[in-house]
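Here is the structure we will look at.
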There are 2 protein chains.
Amino acid sequence: MKEKLRAHIENLIPLTDAEFLHILPHFSFEKYNKNDFLIQEGEHVTNCYLVVSGLLKLVYDDKNGKQHIISFAMEDWWESDFSAYFSQKRAKMSLQCIENTVVFSLSFENYKKLSAEFPKMKQFFLEKSNSGHIASQNRILSFLTSSAKERYDQLLKQYPLLFQRVPRTLLASYLGVSRETLSRLSSQ
Amino acid sequence: MKEKLRAHIENLIPLTDAEFLHILPHFSFEKYNKNDFLIQEGEHVTNCYLVVSGLLKLVYDDKNGKQHIISFAMEDWWESDFSAYFSQKRAKMSLQCIENTVVFSLSFENYKKLSAEFPKMKQFFLEKSNSGHIASQNRILSFLTSSAKERYDQLLKQYPLLFQRVPRTLLASYLGVSRETLSRLSSQ
DNA sequence: AATCGAATGTGACATAAATCACAATTACAA
DNA sequence: TTGTAATTGTGATTTATGTCACATTCGATT
């Protein structure tokens, strides 16, 4: 399984065997079951996660008790409540399994160590952060420029598998529409 | 004016005089007039910008010719079409002056040099990217959880000055509502 | 196979926001 | 100073989406 982590990193930054050997112990390999929480709102956020297999949802619960999906995290995605992670505060969001999920977990402490001791890893985190930033900006753009129907079509086109793996209610929440509206969009 | 750049960097990462002396020449100091473009859609994006004074808008023009404001860039903000900048492609967005604006400009080449030669600068860029990512995610969250009126109130509270500096049409476009709706929100 | 609960679809209606049209105001250049 | 264009406000109407209610389907468990 370590090979998956190595392949993931080397997809951006080539590593020597020796380097990977030093890097690996900073991560911990963990398995979770469907509905388990990796992060619960209000807790201190000490880890971020690389999804090896399975599916997570990053959720914000508003004052009215409504759930809002900020993102789904699939294989090869990094996820956490990054705002809380980087500032070492309590989570405003929850990270929960939609399916049984396998992850590599990285504590903030080890994140700092890796960044400080391995320029390549700092480079890796920088590139990941840049692409995360760009992905978020694209999502903002789709809210600004697209109707609910268009956002639905974009999502269906970009992640067709998601529609088999995720209940409609969650897809609706991710798209920012009610589940009834989503149901009507899908029959148009 | 270089002191402004130094103060901006040192706000995150302390530098020695010698370090700053080496870093400074990687930036170029530039002045633009109201309505000037720093980036035009379709051009190669070779620079990102730190705003020293003035105000920029990052704009996406959709197929119907409608403008959408992805962000405003004020003093102390970094802005570019980062998607195009990091991948060295053509701009999908434009970056234009709302007011006369003074910036430090950083070419992608120099960005790479700085990152490679100064671990502190790589750290600086990493932290900036992280906070940019988080800011974008918060904006997504406000689209998911808040009505137009609530987004209006949030913006007014967070950046009250913006309402004196920016035409309503642009504020509306940033909030993702029509200018008529914005006008009605502001009188409620 | 039968049963229960969760997920989904759909009709009726309410509400929010877009659009269109035009008036009023402001900013700016000749 | 005047005239022109850009900006803003507001009414009337249309459209998109939310909300509520209920029926249907699907899936897991016994």
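As the structure is a computational prediction, the values presented were derived from the model and not from experiment.
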Atom-to-atom span, CZ of B/Phe163 to C1' of D/dT8 - whole angstrom: 15 Å
Whole-Å gap separating C1' (D/dT7) and CD (B/Gln67): 15 Å
B/Glu150 versus B/Tyr152, side-chain donor and acceptor atoms under 3.5 Å: no
Rounded distance in Å - CZ (A/Arg168) to P (D/dT24): 21 Å
Partner of B/His8 by ring-ring contact (aromatic ring centres under 6.0 Å, His included), out of B/Phe27, B/Phe104, B/Phe124: B/Phe124
Polar side chain donor-acceptor pair, B/Ser83 to A/Gln137, under 3.5 angstrom: no
Which pairs, protein N/O on one side and nucleotides 14-21 of chain D N/O on the other, fall under 3.5 Å?
from	atom 1	to	atom 2	distance (Å)
D/dT17	OP1	A/Ala148	N	3.2
D/dG18	OP1	A/Ser178	N	3.3
D/dG18	OP2	A/Ser178	N	3.0
D/dG18	OP2	A/Ser178	OG	3.1
D/dG18	OP2	A/Thr181	OG1	2.5
D/dT19	OP2	A/Lys66	NZ	3.4
D/dT19	O4	A/Arg184	NH1	3.3
D/dC20	N4	A/Glu180	OE2	3.2

Member of B/Ile23, B/Asp17, B/Asn11 meeting the side-chain contact (heavy atoms from CB on, under 4.5 Å) criterion with B/Arg6: B/Asp17
Atom pair distance, as rounded to whole Å: CG in A/Asn35 and C1' in D/dA28: 14 Å
Atom pair distance, as rounded to whole Å: CG in A/Leu171 and C1' in C/dT8: 12 Å
Whole-Å gap separating C1' (D/dT8) and OH (B/Tyr152): 13 Å
Distance-only side-chain donor-acceptor flag, A/Asn130 / B/Ser129, under 3.5 Å: yes
Greater than 12 external heavy atoms within 6.0 Å of A/Glu109's CD: no
